[in-house]
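The block underneath contains the structure these notes are about, expressed in structure tokens.
We're numbering straight along the sequence, starting at 1.
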Amino acid sequence: MRSSQFFLPTLRENPAEAEIVSHRLMLRAGMVRQASAGIYSWLPLGFKVLKNVERIVREEQDRAGCQEVLMPTIQSADLWRESGRYDAYGKEMLRIKDRREREMLYGPTNEEQITQIFRDSIRSYREVPKMLYHIQWKFRDEVRPRFGVMRGREFLMKDAYSFDMDYEGARRAYNKFFVAYLRTFARMGMRAIPMEADTGPIGGNLSHEFIVLADTGESQVYCDREFLDFDVLGKDINYADPAAVEKVVNHFTSLYARTDEKNDQAAFEQQVPEARRYVGRGIEVGHIFYFGTKYSEPLKAQVQDKDGNPVTIHMGSYGIGVSRMPAAIIEASHDDNGIIWPETVAPFRVGLINIKVDDKAGTAMAEDIYAKLNNAGVEVLYDDRDERAGAKFAEMDLIGLPWQLVVGPRGAAKGQVEMKNRKTGEKVELSVDAVLQRLGA
Ligand code: ATP
Ligand code: MG
């Protein structure tokens with residue numbers, strides 16, 4: 001993509017309405033624009049990141065054996081009356097009437113919808129277990145939408161649901177999601193720590209919030225540093241082997257990790273040696289929950305067991321804040337000059353700057369690199385505009401592409417390009433061939 005053609009409305013000044021760094025940077029980098037309170041449009045740069053996040057989430061759900069569906073955004077009020085949540089949900093739910101005065105709603109979540117689908121289709125224990133997910137927009141009329149896409153009213157969520165015959169089966173499903181979440185966030189370059197969360201009246205210990213560490217996060221966290229060193233991507237996890245999955249889960253659940261809501265300082269100090277205590281801040285990016293028969297009971301989702309007896313299905317739900325994720329990543333990965341994208345979610349892998357567009361040798365070199373990267377399938381944003389070099393550098397740093405290539409008259413004369421790592425700031429002078437080789441092109 002050429003900057004001269006790309007729709008990238010960057011802002012030089014910090015927008016006054018943005019209170020946190022990710023919101024400021026997302027507006028300044030031209031990633032999103034507010035449509036109305038808590039409702040955003042995603043512009044090309046932001047949308048590319050959102051799609052990368054979505055892709056990683058999808059790949060890890062698929063890998064864990066979860067199957068993708070797509071449920072509607074609009075649901076019927078009657079379905080929610082069956083679970084009793086239509087009245088209970090309150091003002092967060094956006095209620096709508098169609099032309100026949102039928103009550104509808106814009107889904108804030110999909111437990112009822114998925115339970116209906118399951119109940120109408122599955123009859124026998126032979127078709128269980130099942131895990132289904134979708135990635136869909138939700139609407140919650142939050143009292144205080146704020147921090148841009150971090151707490152929106154309309155937001156994109158991955159929500160998955162598991163169906164099992166009993167608690168043991170549900171626990172195995174829970175474990176799979178637990179591991180899939182560790183992998184998902186790690187692939188985005190994030191440390192997301194599973195923290196024991198409230199399970200509500202059903203009790204048990206089966207709810208975890210996944211918290212990405214970021215100094216600017218909303219929650220205070222207390223955890224064992226072991227979490228920071230564990231390399232889940234290095235582990236070869238076979239989801240078909242429940243014992244292997246359980247082992248990873250047990251490792252984590254045996255370590256202390258609580259947000260301030262649930263922290264018990266005495267227990268923290270007793271369980272974690274001082275050198276391993278980590279106190280910091282974080283952002284909730286995912287939440288997994290086993291809730292038993294909470295919805296299957298009122299919605300009568302039953303299947304027949306081996307002996308032909310009806311069994312009420314055990315369920316869990318598993319959310320990831322897909323549209324919150326780009327903001328959470330920025331909170332965890334930025335500096336004074338702008339965003340620092342991890343390679344896996346970056347909107348382009350490379351930013352190519354031609355310092356002086358009226359220099360023949362430099363422009364020929366930049367065009368050559370641009371064509372070769374494109375041919376090799378390396379995503380590159382090529383700043384070919386007739387602008388001040390300083391402004392180009394500042395914009396590249398702001399939008400945070402992992403690699404910057406700088407071509408100027410002096411280097412071009414020697415056949416050299418400058419390659420800068422956005423994260424470390426490290427710069428090297430290389431030949432065009434060497435640059436292409438480093439980028440795998
Ligand atoms: P919170 O406690 O932040 O209000 P929640 O418990 O209501 O979240 P869940 O229903 O567990 O959220 O939703 C799953 C995930 O969706 C959350 O972990 C979060 O990442 C994301 N999410 C929830 N509400 C919002 C929102 N208003 N805007 C953006 N993402 C959200
Ligand atoms: Mg939650």
Item to check | Pair listing, side chain to side chain donor-acceptor pair (under 3.5 Å) test, anchored in residues 77-90, at least two apart | outcome: Q75-W80, D78-R81, R81-E103, E82-R119, S83-E112, R85-E111, R85-E112, R85-Y295
Next on the checklist: Could you work out, with side-chain hydrogen bond (donor to acceptor under 3.5 Å, both in side chains) as the rule, every residue matching S22, not counting sequence neighbours?
Outcome noted: E331
Item to check | Residue pair N52 / E54, side-chain donor-acceptor N/O under 3.5 Å | outcome: no
Checklist entry - Would you say the ring centroid of F252 lies under 6.0 angstrom from that of F230? => result yes
Item to check | With sequence neighbours excluded, residues passing salt bridge (Lys or Arg N to Asp or Glu O under 4.0 Å) with E379 | outcome: K48
Next on the checklist: Can you confirm whether or not the ring centre of H287 sits under 6.0 Å from the ring centre of F289?
Outcome noted: yes
Next on the checklist: Between Y167 and Y290, is the ring centroid distance below 6.0 Å?
Outcome noted: yes
Next on the checklist: If the condition is salt bridge (Lys or Arg N to Asp or Glu O under 4.0 Å), which residues does E297 pass it with, not counting sequence neighbours?
Outcome noted: none
Checklist entry - Strictly under 6.0 Å, is that where the ring centroids of F6 and F348 end up? => result yes
Checklist entry - Who pairs with E246 by salt bridge (Lys or Arg N to Asp or Glu O under 4.0 Å), at least two apart in sequence or on another chain? => result none
Item to check | Distance flag, aromatic centroids of F210 and F178, threshold under 6.0 Å | outcome: yes
Checklist entry - side-chain hydrogen bond (donor to acceptor under 3.5 Å, both in side chains) with W42: which residues, sequence neighbours excluded? => result none
Next on the checklist: Evaluate E127 against I122 for side chain to side chain contact (heavy atoms under 4.5 Å, CB included), listing each step before the verdict.
Outcome noted: CA-CA 7 Å; E127 299 162 88; I122 304 282; 3.8 Å; yes
Checklist entry - Using the ring of each side chain (for Trp, its six-membered ring), is H208 parallel, tilted or perpendicular to Y174, with breaks at 30° and 60°? => result tilted
Checklist entry - Hey, what's the ring geometry for F268 with Y222, parallel, tilted or perpendicular (30° and 60° as the breaks)? => result perpendicular
